[in-house]
Every structure is written in C-alpha cells, then in structure tokens.
Amino acid sequence: MNYIPIVAQALGIIILVSGVSILANKKFFAKAVQDIIQSQGLLWLSGFMALCMGAVLVAMSSIWSSGAQLFVAVLGWLAVLKGVLILVFPEPTVALYKKVINDGMIMFCGVIALVLGVVLIFVSGV
C-alpha cells in the first residue's frame, strides 16, 4: 500500500495549522524560538526531532516522482538538513536564528507554511 498520500495529507494539516498559529501569534512564536535558542537541551532536541522526522520521510519516499511523493521527499531532505545543521553546527545555527527572528521573517515563514500546507493537502489527493 502507498502511504505517501496519507503522509502528505497529515503533513499538510500539521504545516497548515502551524502557519496559522505563527501568523496569529507572532510574539508567542518569536518568544518560543528565543527560548529554544537559549536552551542547549531544547536546541539539541529540536535538531534530533528534525533529523528523525526527516529520516522517516526520506525512507518512505525514496523514489522521486511527482505530486505528493516529490513534496514528501523534499520536505524529508530539508528536515534531515535542518537536523544535521542544528546537531553538528549549533552555534552558527543559533546565530542565524537570531538574525532572522523578526516580524518580517515571522510573517514570511507563516505565509510559506500556510501555502505549503494547502499545497500538500491538495496534492495528497486523499
């Protein structure tokens, strides 16, 4: 059975709700990011979780075709990359987060998450 459409739909819902949350609670989101980058344990945990989630997505969608499978594969590799960067290069990652955590970037991330969530739900075809 091909689970990719179900995974794409679930990711779409998660990312869509995350985007709405970011846009509706910009100050809360900024504070949450600040808390993560100030705590080595939370930073390590977020990197580890990104790596684990990315590895699972990559393993599930090893064949790059089109539609949902392509989106899941790309998201998986991006999550792996994020996890590796946080775990292997924590200081530069924190410096980058500190540079980009502003209202404009928060709005941009929220809109991108919103659009990506809708696209994933749409391409899932479920």
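None of these values were measured; they are calculated from a predicted model.
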Inset, instruction - Please check if Val72 and Leu116 belong to a single hydrophobic cluster, counting links between Ile, Leu, Val, Met, Phe, Trp and Tyr side chain heavy atoms closer than 4.5 Å. - result: yes

Inset, instruction - Return each pair, listed once, that meets ring pair (Phe, Tyr, Trp, His ring centres under 6.0 Å) where at least one residue sits in residues 36-59; pairs must be two or more places apart or across chains. - result: Trp44-Phe48

Inset, instruction - Give every residue pair that meets the ring pair (Phe, Tyr, Trp, His ring centres under 6.0 Å) criterion with at least one member in residues 89-121, sequence neighbours excluded. - result: none

Inset, instruction - Write out all pairs satisfying ring pair (Phe, Tyr, Trp, His ring centres under 6.0 Å) with one or both partners inside residues 17-42, taking only residues at least two apart or from two chains. - result: none

Inset, instruction - State, yes or no, whether a side-chain contact exists between Ile37 and Leu42 at a heavy-atom distance under 4.5 Å. - result: no

Legend entry - Leu11 CG to Ser124 OG distance, which is reported to the nearest 0.5 Å: 10.0 Å

Legend entry - Min side-chain heavy-atom separation Leu75-Leu120 under 4.5 Å: yes

Legend entry - Separation of Met105 CE from Lys26 NZ (nearest 0.5 Å): 14.5 Å

Inset, instruction - Would you please name every residue forming a side-chain contact (heavy atoms from CB on, under 4.5 Å) with Leu114, sequence neighbours left out? - result: Leu16, Val20, Leu23

Inset, instruction - Please check if the side chain of Ser39 supplies one atom and the backbone of Asp35 the other of a donor-acceptor pair under 3.5 Å. - result: no

Legend entry - Straight-line distance of Ile22 CD1 to Cys109 SG, nearest 0.5 Å: 6.5 Å

Inset, instruction - Would you please name every residue forming a side-chain contact (heavy atoms from CB on, under 4.5 Å) with Val80, sequence neighbours left out? - result: Leu51, Val58, Trp77, Val84

Legend entry - Value rounded to 0.5 Å, distance of OG1 in Thr93 from NZ in Lys82: 9.5 Å

Inset, instruction - Taking side-chain hydrogen bond (donor to acceptor under 3.5 Å, both in side chains) as the test, write out the residues that go with Asn25, two or more places apart. - result: none

Legend entry - Pairwise distance CD1(Ile14) to CE(Met53) - rounded to 0.5 angstrom: 6.0 Å

